Amino acid sequence: MNLVELFNYIRSDPLLWGIIAATVFLVYVFSIGGLSIWIERKWAGLLQSRLGPTRVGPFGILQFVADLIKLVSKEDFVPPDGDKKVFKLAPIVLVSTLIAAGSIIPFSPSLIGSNVNVGILFLIAMFSISPIAVFMAGWGSNNKFSLLGALRNIGQMLSFEIPLSLSIVAVVVMVGSLRIKEIVQAQDQIWFFALQPLGFVVFLLAIHAEAGRTPFDMQESEQELMGGWNVEYSGMRFGLTMVGEYIHLILGSMLVVLLYFGGWKSFGFLPPVIWFIIKTNIALVILMWSRWAIPRFRIDQIIDIGWKYLLPLSILNLLITGALVSMGWFSWI
Amino acid sequence: MIAFHFLITSIGLVLIGLYGVITLRHPIKILMSIELILNAANINLVAFSTENLIGQGFASLVIAISAAEVCVGLAIVYNLYRLKKDIDVMEVNALKW
Amino acid sequence: MQSLMLIISFLVLISALMVILSEDMVHSALFLIFSFGGVGALFLSVGAQFLGAIQILIYTGAVGVMMLLMIYFTSKEGKSIKREGKYSGIVLVGLLGFLILYPSISITREVGGTKGLTQNIGRLLFSDLLIPFEVISIVLLSAIIGATYIIRREDH
Amino acid sequence: MVMEYAWLIPVPLFIVFGINILLNKRLKNRTSGYLATGAVAFSFILSTLIFISSLLTGSKFHGSVTWFQLGEHVIKAGYLIDPVSSLMLLVVSLVSFLVFIYSLEFMEDDRSKPRFFGELALFSGSMTGLVLADNFLLMFIFWELVGLCSYLLIGFWMEKSEAASGSKKAFLITRIGDILMLSGIMLMFTQIGSFGFEETFNSFGQLSGDLQTITLLLLFGGAVGKSAQLPLQVWIPDAMVGPTPVSALIHAATMVKAGVYLLARISPLLSSSPLVTSIIAYFGILTALFGAYSALTQKDIKEILAYSTISHIGFMVFAIGVMGYSASLFHLFNHSAFKALLFLAAGVVITETGKHDITKMGNFWKRGKLVPIATLIGCLSLAGIPPLGGWFSKEMILTATMQGGNYILVSLFILASFLSPIYIFRWYSLIFSTNRRKKVGDKSSGYLMVLPIVALATIAGLAGLFNSSFNEWMPWSLHHGSHAILAIGSTLVVLTGFTLAILIYHLKLIDINRIKENTLFEILHKFSFNALYIDDSYTKLGFKAFSFSILASKFDDKYVDGVINAFGAFGRKVSSKSKSFDDIGIDGVVNGVADSIKFSSSLARKIQTGLVRDYSLWILIGTITILIILKISGG
């Protein structure tokens with residue numbers, strides 16, 4: 001069996017192919033995740049007129065490796081009064097569902113883990129599991145701050161999942177397919193952020209809140225919850241929770257690119273994959289920006305934003321899109 | 001794929017759910033058991049919709065209904081908890097309190 | 001695929017059993033969520049992709065989370081009250097199981113075969129099942145209103 | 001063509017309803033009224049244009065779109081403009097318009113004005129929708145909406161218990177008719193496969209005779225409920241607790257006219273069934289007699305008008321029963337004008353005096369002449385005094401009756417029209433007559449309340465001029481003038497009644513109390529005052545006899561107790577002979593029976609825990625049992 005045959009065999013088995021895609025995604029995410037920690041710190045330094053990490057490697061780019069080594073070598077502490085099994089399982093559930101969600105992301109027309117028919121619906125479904133993982137972490141820690149952080153996380157996720165889904169549905173209605181690949185291909189002539197400005201704004205805010213980034217990071221607000229639902233974690237488990245958050249963020253910025261900025265659609269001179277990664281990173285940096293630019297909201301304000309503003313706006317957006325689609329305005333897509 | 005193992009799964013879920021409904025005393029657990037029964041029904045609906053998709057359509061309706069049921073059921077449980085603190089379905093046999 | 005699905009069914013049944021047997025409410029809710037996910041995988045294995053995704057989205061994402069929240073709110077100590085009538089229940093349920101399992105052994109038809117794609121389900125819901133669909137939307141609305149009405153605080 | 005835009009008529013009203021209900025408290029009270037009035041003004045103008053264009057061209061218009069598909073049946077929704085519907089549109093929107101203007105002032109101090117105007121707008125909107133509908137299903141939907149609105153509006157002051165119960169009564173009783181009508185429509189749909197009027201009219205003849213009769217009777221049942229015909233008239237007097245503009249709207253434009261409109265709509269079907277038409281005629285004339293008779297002695301200012309409405313709707317239904325469709329519609333038109341007028345005038349009286357009992361009123365003539373004169377015109381028209389509209393329409397009905405040649409109906413009709421001037425002039429004299437020295441209130445009503453009354457008086461006064469052109473314009477022609485003697489005779493009868501009423505109530509030349517002393521008249525008076533005791537007997541029959549527990553307790557008291565007492569007596573006799581036998585034997589048996597029942601019931605009671613959980617256990621056990629039985633029996 002030569003390599004081509006092996007590849008074709010793997011390609012023909014959805015299960016194996018999915019596993020491989022997830023692994024590739026995992027590797028990608030770990031590297032980009034590490035990189036994005038560095039980017040974030042540098043970016044934050046830039047915004048706050050300081051240098052950020054400088055010691056390890058050129059421009060401190062290897063800082064995350066040092067962090068990783070530190071995390072791995074730390075004691076794996078499990079709170080003795082907590083629910084140990086649940087506590088240990090939580091980061092795994094969190095990361096594995098998000099990795100599974102990542103397996104359907106198309107990096108280029110040919111580089112897709114699994115081009116499933118339900119596409120983006122699957123992604124939303126996988127996103128919806130992460131509150132459970134967070135609850136498990138908070139509950140298992142047997143720490144009231146963890147639990148409060150977890151509850152806030154759940155409340156926030158539940159309130160922002162609906163506007164998020166509805167703004168995605170508006171795009172889906174326009175394209176007529178749930179497959180992310182087809183959504184990207186539909187953006188041949190024009191990127192959707194121009195056709196869906198309202199939906200884009202709602203989506204951006206909602207994905208922000210979903211990923212739990214400042215200004216929506218009530219779940220881990222250091223000043224009152226000492227770090228939130230993952231406060232009891234240490235060592236590699238803490239690393240996993242952080243990775244989970246970063247995957248969430250990266251998936252979010254990927255979605256922004258895929259749904260509204262033409263995915264891998266390029267201007268020519270570079271291969272589509274590179275374009276996609278570049279765009280994702282730009283989106284990532286923009287998402288990170290708000291952490292240093294905008295102060296944190298109160299939890300009730302966050303919930304208000306979700307239910308009283310984003311939800312009606314997303315419904316309005318969906319209605320408008322539906323009306324325009326039924327009038328045939330987007331038949332050229 | 002052979003129908004049998006779907007049948008076994010759904011029968012198993014029904015039996016477990018029924019056992020839970022008749023033996024458990026915590027209302028949330030009873031709700032969980034009911035969910036198991038609904039899931040069992042869904043498995044059959046989905047697995048046997050071989051000629052057309054009506055079964056799958058109905059299964060999606062069942063999912064919607066069960067979401068509504070859980071929503072109302074948990075609200076009632078919460079109210080119960082506020083009123084009695086001690087939730088045990090054996091104590092809740094008055095129609096109105 | 002077949003063997004994988006057998007394993008998943010087995011896990012679903014085991015975790016369903018654990019839902020009933022587990023003393024810890026949170027554990028049983030987590031087992032419940034796991035069995036929901038397993039059922040979703042079963043759906044996917046017969047080609048019901050839409051239902052699989054919806055199962056995970058609604059059951060694990062919404063129902064499971066609501067269960068967890070309510071367990072947190074109502075039973076802080078997380079322990080459930082003991083079962084009663086364990087053995088007679090087993091006898092009764094076992095009897096019923098025997099009675100329905102017995103005729104279903106002889107069923108040998110194939111399952112799956114139709115593609116439960118989102119488009120097809122959508123067409124179905126808006127044509128043949130239109131009236132149930134609309135009715136259910138009203139049911140959902142009234143459930144939301146009913147739940148908020150039930151759960152509201154009198155003193156506010 | 002203005003007719004193509006007819007579907008726009010109800011739209012602004014529905015929009016206003018939505019705005020008023022959704023923005024309820026945020027809307028300024030005044031704004032809500034102006035919004036609703038603006039919407040109804042739009043409807044009124046559009047209806048007038050449609051009416052004029054229909055009058056000039058005599059053409060019909062039918063627009064429809066596919067509504068939904070049910071199996072192989074394509075259900076269409078659309079609107080139909082022909083002389084009948086354009087006339088009804090005009091009547092509805094005109095009366096609504098005036099009533100809305102009137103309500104602006106009448107409801108000025110009410111807190112929940114937005115709700116009132118919203119519901120009022122929905123009421124008018126649904127009625128215009130009902131009129132526009134081109135098929136039975138759409139009509140039924142609007143029909144139900146009209147019922148709902150009447151429920152909401154009668155119970156508008158829901159803090160009052162009688163308002164709440166009155167609205168419930170109206171809703172429930174009209175529901176009886178609605179169910180009959182729905183079953184009629186469904187019966188027709190199963191046979192014909194279409195709801196549309198035109199298709200139905202075309203293929204109705206293919207049905208078997210019995211089926212035709214049943215269907216028509218069911219549809220008539222709907223009209224009976226909605227139009228408050230005998231025996232479902234009992235909700236109307238109780239509906240008087242609603243605000244007066246609502247009563248005006250219910251009686252003049254919307255609710256009760258719907259039944260007559262339905263009958264006029266299905267007139268092509270009715271013509272084919274002489275049995276049904278004669279039933280309708282008898283029902284109508286009996287209702288007319290009943291209403292007029294009951295109106296004679298009422299004391300509530302609005303209830304008299306309510307019974308009068310029952311009577312006049314009876315006339316209209318009767319006219320349809322004798323195939324005088326155009327007469328019926330002309331009477332409907334006149335009735336809308338004068339009844340709205342009288343109700344609005346009653347509203348003025350009620351606001352100014354704060355009283356409802358007309359025996360405590362009087363001297364109202366002093367309060368400015370405009371309202372009394374306008375009311376007088378309305379009363380004259382109602383009484384059927386020439387040359388006002390009411391006279392012409394009654395003559396048309398009479399002509400139609402004569403063509404039928406049934407002299408029982410003719411005489412009943414003349415009797416009923418003899419009674420109308422009496423009750424209405426009793427009403428008028430007791431309120432307005434200067435011979436009654438009563439104090440009048442010091443509140444006065446503004447021009448917004450007076451203007452609609454004057455406008456309606458003008459219409460009621462001039463309506464008679466159009467009787468012949470009306471007759472020609474309607475799709476059914478009625479041959480005139482072959483019964484001049486009878487016409488004069490009936491007019492004389494009406495004038496006699498009029499004179500009698502004036503003599504008794506205004507000039508007081510005949511003492512009413514002396515008449516009352518006569519036993520016969522006393523009984524008649526009692527029956528009239530209690531509306532033939534129909535309502536009371538419904539209450540007694542309907543709510544007591546059908547209550548199973550009361551029946552059971554009566555049975556228990558009379559028969560079971562009787563048997564037991566008999567046993568007791570027997571036991572006493574036996575015990576007097578042999579006490580010891582009694583102690584051991586009879587008591588033992590009795591106690592034994594009691595104990596065994598106690599024991600078995602205590603066993604049975606254990607099943608009834610009230611826990612769903614236990615019931616599910618029993619369900620499980622039952623399922624297992626059934627399955628075992630099936631297995632054993634080889635199923």
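Since the model is a prediction, treat every value here as computed from it, not as a measurement. Throughout, protein chains are lettered first and strands after them, A, B, ... in sequence-line order, and every chain is numbered starting at 1. What's counted below: heavy atoms across the whole structure, side chains too, no hydrogens, waters or symmetry copies.
- C:L69 does not touch chain B: none of its heavy atoms, backbone or side chain, sits under 4.5 Å away.
- Rounded to the nearest 0.5 Å, atoms NZ (B:K29) and CD1 (C:I71) are 8.5 Å apart.
- One distance of note links CD1 of C:I100 with CG of B:L15; it measures 5.0 Å at 0.5 Å rounding.
- Within the 4.5 angstrom heavy-atom criterion, atoms from both the backbone and the side chain of C:V19 approach chain B.
- With respect to chain C, the highest number of heavy-atom pairs below 4.5 Å among B:L13, B:L31, B:V14 belongs to B:L13.
- For C:I136, the part lying under 4.5 angstrom from a heavy atom of chain B is the side chain only.
- The distance from the CG atom of C:L140 to the CD1 atom of B:I65 is 6.5 Å, given to the nearest 0.5 Å.
- For C:L124, the part lying near chain B is the side chain, with the backbone staying farther off; criterion is any non-hydrogen pair under 4.5 Å.
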Query - Criterion side-chain contact (heavy atoms from CB on, under 4.5 Å) on C:Y59 and B:S66, from CA distance to verdict - result: CA-CA 9 Å; C:Y59 272 119; B:S66 75; 2.7 Å; yes
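- When each of C:I20, C:L32, C:V63 is checked for a side-chain contact (heavy atoms from CB on, under 4.5 Å) with B:M32, only C:L32 meets the rule.
- In this structure, no portion of C:A62 lies under 4.5 Å from any heavy atom of chain B.
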Report task. Let me see the working for C:F43 and B:I43 under side-chain contact (heavy atoms from CB on, under 4.5 Å), right down to the final yes or no. Result -> CA-CA 7 Å; C:F43 287 174; B:I43 289 178; 4.1 Å; yes
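- Summarising the local packing, CD of C:Q119 is surrounded by 12 or fewer heavy atoms from other residues, nucleotides or ligands at distances under 6.0 Å.
- With sequence neighbours excluded, the residues satisfying side-chain contact (heavy atoms from CB on, under 4.5 Å) with C:S15 are C:F31, C:F34, C:S35.
- Checked against a 6.0 Å centroid threshold, the rings of B:Y78 and C:F73 count as neighbours.
- For C:I58, the part sitting under 4.5 Å from any heavy atom of chain B is the side chain, from C-beta outward, and nothing else.
- Proximity of B:I63 to C:L51: side-chain heavy atoms (C-beta onward) are separated by under 4.5 Å at one or more points.
- Taking CD1 of B:I11 as the reference point, atom CG of C:L99 lies at 11.0 Å (rounded to 0.5 Å).
- Contact annotation: the side chain of C:T74 approaches that of B:V77 to within less than 4.5 Å [non-hydrogen atoms, C-beta and beyond].
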**Report entry** Worked verdict on C:V12 versus B:N39 for side-chain contact (heavy atoms from CB on, under 4.5 Å)
**Finding:** CA-CA 11 Å; C:V12 165; B:N39 256 310; over 6 Å; no
Requested in this report: Check step by step if side-chain contact (heavy atoms from CB on, under 4.5 Å) holds for C:L125 and B:L61.
Outcome: CA-CA 9 Å; C:L125 283 183; B:L61 300 182; 4.0 Å; yes
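- Contact check for C:M70 versus B:Y81: no side-chain heavy atoms found under the 4.5 Å cut-off.
- In this structure, CG on C:L129 lies 5.5 Å from CZ on B:F58, to the nearest 0.5 angstrom.
- Highest contact tally toward chain C, considering only B:V72, B:L74, B:L18, B:I22, is held by B:L74 [criterion: heavy-atom pairs under 4.5 Å].
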